[in-house]
There are 2 protein chains.
Amino acid sequence: MAPALSPSTARVLGTLIREGPTSRMQLARMTGLTPGGITRAISPLVDSGLVRETAARPAGGRGRPATALEVQADRELQVGVKVTATGLVAVLCDLRCRVLAEHHEELRGQDPPTVLEQVAELVRRWCREHPRVRRAGLSLSGDVDPSTGQVGYSPFLGWRDLPVGRLLAGMVDVPVVVENDVRALLTGEHMAGTGAGAHSLAMVTIGAGIGCALLLEGRVVHGSHGVLGEIGHVLADSAGPRCHCGNVGCVEALAGEAAVLEQMAGRGHPGLTVPEVVAMARAGSADAREVLAGAGRAIGIGLATLANLFGPAVIVLTGEAVGGPDGDYDVMAPSVREEFARRAFGSAADCELVLRPLTFTDWARGAAACAVAALLTSRAWNGEAAG
Amino acid sequence: MAPALSPSTARVLGTLIREGPTSRMQLARMTGLTPGGITRAISPLVDSGLVRETAARPAGGRGRPATALEVQADRELQVGVKVTATGLVAVLCDLRCRVLAEHHEELRGQDPPTVLEQVAELVRRWCREHPRVRRAGLSLSGDVDPSTGQVGYSPFLGWRDLPVGRLLAGMVDVPVVVENDVRALLTGEHMAGTGAGAHSLAMVTIGAGIGCALLLEGRVVHGSHGVLGEIGHVLADSAGPRCHCGNVGCVEALAGEAAVLEQMAGRGHPGLTVPEVVAMARAGSADAREVLAGAGRAIGIGLATLANLFGPAVIVLTGEAVGGPDGDYDVMAPSVREEFARRAFGSAADCELVLRPLTFTDWARGAAACAVAALLTSRAWNGEAAG
DNA sequence: AACAATTCATTGACACGCGCAAAGAAATCA
DNA sequence: TGATTTCTTTGCGCGTGTCAATGAATTGTT
């Protein structure tokens with residue numbers, strides 16, 4: 001494949017991707033390299049046309065004005081695919097992780113060959129239609145080792161100990177990375193989103209389960225036992241209901257999808273879905289509001305715990321019921337924020353809390369972002385040498 | 001100072017310090033370097049006498065037997081000093097962080113000049129008596145930035161925004177590092193202790209406050225806002241007592257020193273100290289046992305939360321009341337372990353829990369370990385260039 | 001208008017760190 | 001004694017990045 005970027009080149013390119021147009025001197029300051037090093041580092045990128053100079057900005061001060069460098073993001077494209085229990089979401093992204101095209105489809109089956117063939121067809125088709133596709137990323141929930149592409153266990157699909165990366169790499173013509181879905185979402189956020197380039201960042205997703213991924217000191221962290229960020233089983237209420245994990249009062253038992261629907265059923269509203277509950281709350285239903293507020297408080301405790309233990313600069317919370325930034329769907333948000341502020345200790349409360357609705361596109365974009373990240377960290381592509 | 005170790009040399013030396021006598025081939029496997037690289041990396045160390053070959057072991061298999069390399073740990077010594085609210089604890093350590101000498105003294109005052117002069121005198125004296133002292137480490141509780149030696153805020157001493165590293169470096173003849181006390185303890189543990197070389201490791205200290213430090217993917221992590229590991233304010237009991245932080249049911253409000261003594265007072269045993277409570281429990285006092293068991297359960301919840309969120313390989317728990325490894329002081333230990341096992345989710349329960357009594361020596365040794373760690377990471381020594 | 005001052009950018013020389021691969025060394029086994 | 005195996009060293013070379021000197025483009029000054 002591409003002749004593996006040198007450390008400096010990767011650092012500079014990563015900075016350009018995250019920060020947008022930047023002058024050489026700024027890059028030198030940001031990356032800690034010398035100006036000469038910058039020129040050297042970008043020279044292969046400029047030669048290949050991946051990076052170009054934009055018009056020199058007039059500059060206010062004295063001296064020679066700086067000329068900005070900009071990634072020609074559309075020169076190399078990525079396909080990102082997120083696999084859920086029932087379907088695929090795929091996006092075509094440029095290097096700066098902007099979405100150029102989007103595609104949803106149902107799974108034809110859940111067994112690995114069927115799913116992987118379906119993914120491969122999609123990747124191959126986009127590779128044909130867009131010759132600039134260079135990499136692909138695949139994300140799915142469960143225990144994934146991105147360095148080997150091995151899937152340990154994926155509960156939704158029922159897969160176990162499967163070399164997904166190697167298999168898929170053999171079916172398409174571009175290198176492939178496989179990642180856990182929440183970590184992929186986090187990677188996307190860190191590459192191009194609210195938390196772009198943040199020193200530390202946490203991502204929490206509320207859905208059927210509660211997911212969490214962490215980035216510390218610029219790196220996405222992986223737990224020793226494959227378990228990490230099990231925020232769903234943090235204690236939120238000692239007198240709370242029993243959780244499927246056997247304990248009492250877990251965040252998930254109070255705020256998970258099942259918990260919310262169960263509480264609604266207990267109040268005489270059986271057979272709903274989460275979006276319906278949210279709609280009811282917006283329409284003024286006291287039951288729906290109370291249930292979602294209770295869930296929000298539990299989540300707030302979980303987030304505060306996360307903030308107290310990690311001190312991230314930003315926590316991004318996503319989920320169907322979470323609500324948008326400006327009140328459009330703000331059903332849970334106030335109670336989340338209130339409880340978070342109450343239980344965050346000291347300067348952990350300075351942690352920025354970003355709430356946003358969950359879109360399938362973002363999940364898939366995260367997978368594409370992992371492909372870009374793998375390019376920048378010269379991590380192993382599946383099946384290939386460690387480049 | 002010493003001409004800064006190359007990355008490989010530092011890696012190899014670090015491995016030798018942590019693992020003890022090791023052959024070149026083993027080192028190559030452990031560090032990922034080639035055998036040739038190992039020979040090159042250690043050659044300056046062998047030349048300087050810091051590393052020596054030990055007698056070749058007979059070796060069971062065929063082929064040329066491996067000759068082990070060993071750090072001559074007593075060739076370079078470190079002074080480690082821990083400052084508490086009322087006193088200093090200092091140790092003299094060798095490169096493998098073995099304690100050669102120990103010293104306690106009272107503080108003559110709490111103002112920075114007095115304390116730093118007292119620390120400097122101690123360091124200077126040991127430098128005179130032992131010409132091989134090469135580095136010094138200082139640890140104190142509070143918000144410390146080890147990269148600059150700046151102390152943001154130290155509640156026990158009442159210091160605020162003080163360039164402790166630079167000041168102390170100007171008073172002694174060896175380079176100095178300053179660290180937060182719990183992170184220093186963790187560093188010591190990772191350098192030479194139960195968690196030596198662990199991929200991920202957490203340290204929790206129970207005392208007047210509850211402290212916590214984390215090591216992930218081989219690196220001690222620092223929070224964005226200086227706050228990290230505030231495990232003391234994790235929710236342990238929704239119906240619990242009010243904590244000084246304003247919340248209800250924090251671990252610290254149930255298991256902190258003040259909380260334990262208060263509960264004992266409430267049961268008609270006022271004016272005790274923690275060691276006295278432990279002694280009472282060992283002597284069979286039901287009150288003491290129940291109070292300590294309750295504290296243990298709260299701590300167990302805190303540790304389980306930590307394990308769920310981080311998935312560390314090992315958690316080390318220390319404190320006066322915690323108890324030793326084999327029941328000598330096992331008062332809290334059973335309830336800690338029981339509650340931990342209950343609330344640790346999935347494979348987070350595989351996390352090894354090490355309980356051990358707290359010794360002042362270990363604190364100071366941690367400070368010395370930070371000095372060794374700084375040597376290995378070629379981090380900036382205070383006041384000096386980033387070497 | 002010419003020149004200084006300032007800031008940005010490039011270039012060549014240099015060093016060093018490390019992988020690669022071949023050779024050398026020290027043991028066991030036949 | 002020689003073949004085999006395993007550990008260790010050495011010579012070679014490339015890639016990478018710093019350093020310092022030079023060049024380029026602008027603003028400010030006399």
Side-chain angles (χ1 to χ4, degrees), chain A residues 2-16 21-48 51-70 376-378 380 385-387, chain B residues 2-16 19 21-47 51-70 376-378 380 385-387:
Chain A
L5 275 48
S6 85
S8 294
T9 305
R11 280 186 64 162
V12 174
L13 180 56
T15 308
L16 280 173
T22 313
S23 81
R24 292 172 175 80
M25 288 305 288
Q26 287 171 342
L27 286 169
R29 280 188 290 269
M30 287 176 182
T31 59
L33 297 174
T34 58
I38 297 290
T39 296
R40 280 218 167 62
I42 57 163
S43 78
L45 303 177
V46 173
D47 290 349
S48 74
V51 167
R52 274 222 279 267
E53 294 191 347
T54 60
R57 275 182 300 177
R62 298 194 261 284
R64 175 176 173 173
T67 54
L69 295 164
E70 186 172 14
L376 297 177
T377 56
S378 40
Chain B
L5 277 47
S6 86
S8 294
T9 305
R11 280 186 65 163
V12 174
L13 180 56
T15 308
L16 280 172
E19 306 287 334
T22 312
S23 81
R24 291 173 176 80
M25 288 304 289
Q26 289 172 342
L27 286 170
R29 280 188 291 270
M30 288 175 182
T31 59
L33 297 174
T34 58
I38 298 290
T39 297
R40 281 218 167 63
I42 57 163
S43 78
L45 303 177
V46 173
D47 290 349
V51 167
R52 274 222 279 266
E53 294 191 348
T54 60
R57 275 183 298 180
R62 308 191 253 286
R64 176 176 173 173
T67 52
L69 296 164
E70 186 171 14
L376 296 177
T377 54
S378 40

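Just so we're clear, the structure is a prediction, and the values are computed from it rather than from any experiment. The basis for the numbers below is simple: all heavy atoms, side chains too, and nothing from hydrogens, waters or symmetry mates.
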Item to check | Donor-acceptor contact present, side-chain A:S23 to main-chain A:T67, <3.5 Å | outcome: no

Checklist entry - Just checking A:I38: base, sugar-phosphate only, or nothing, at a heavy-atom cut-off of under 4.0 Å? => result nothing

Item to check | Distance-minimising heavy-atom pair for B:A10 and B:L376 | outcome: CB-O, 3.0 Å

Item to check | Selection from C:dT7, C:dA27, D:dG17 that lies nearest to any side-chain heavy atom of B:P65 | outcome: C:dA27

Checklist entry - If you look at every strand shown and take non-hydrogen atoms under 4.0 Å, does A:T39 touch a base, only sugar-phosphate, or nothing? => result base

Checklist outcome for this item: On DNA chain D, more 5' by nearest nucleotide between B:G36 and B:R29 is B:R29

Checklist entry - Within this structure, what is the CZ-to-C1' distance between B:R40 and C:dC18, rounded to whole angstrom? => result 8 Å

Item to check | Separation of C:dA27 P from B:R64 CZ (nearest whole Å) | outcome: 8 Å

Next on the checklist: Going by salt bridge (charged side-chain N to carboxylate O under 4.0 Å, His left out), name the residues that satisfy it together with B:E53, two or more places apart in sequence or in a different chain.
Outcome noted: B:R24

Item to check | Minimum heavy-atom distance B:L16-B:L69, with the two atoms named | outcome: CD2-O, 3.5 Å

Next on the checklist: Can you tell me if A:S6 touches the phosphate of D:dG15, counting only side-chain N or O atoms and a distance under 4.0 Å to OP1 or OP2?
Outcome noted: no

Checklist entry - Would one find a side-chain N or O of B:S8 under 4.0 angstrom from OP1 or OP2 of C:dG17? => result no

Checklist entry - Any side-chain N or O of B:T67 less than 4.0 Å from the OP1 or OP2 oxygen of D:dC7? => result no

Next on the checklist: Rounding to an integer number of Å, can you tell me how far B:I42 CD1 sits from C:dG17 C1'?
Outcome noted: 16 Å

Next on the checklist: Distance check needed: C:dG17 P versus B:L45 CG, whole Å only.
Outcome noted: 12 Å

Next on the checklist: What is the distance, to the nearest angstrom, from the CG atom on A:L33 to the C1' atom on C:dC8?
Outcome noted: 16 Å

Checklist entry - For C:dT10, does either OP1 or OP2 sit under 4.0 Å from a side-chain N or O belonging to A:R24? => result yes

Item to check | Nucleotide C:dA30, atom C1' - distance to CZ of B:R62 in whole Å | outcome: 11 Å

Item to check | For A:S48, side-chain contact (heavy atoms from CB on, under 4.5 Å) partners two or more places apart | outcome: A:L50

Next on the checklist: What's B:M25 touching, base or sugar-phosphate or nothing? Going by heavy atoms closer than 4.0 Å.
Outcome noted: base

Checklist outcome for this item: B:L27 CG to D:dC7 P, in whole Å, measures 12 Å

Item to check | Atom pair distance, as rounded to whole Å: CG in B:L5 and P in C:dC16 | outcome: 15 Å

Item to check | side-chain N/O B:T34 vs C:dC20 OP1/OP2, d < 4.0 Å | outcome: no

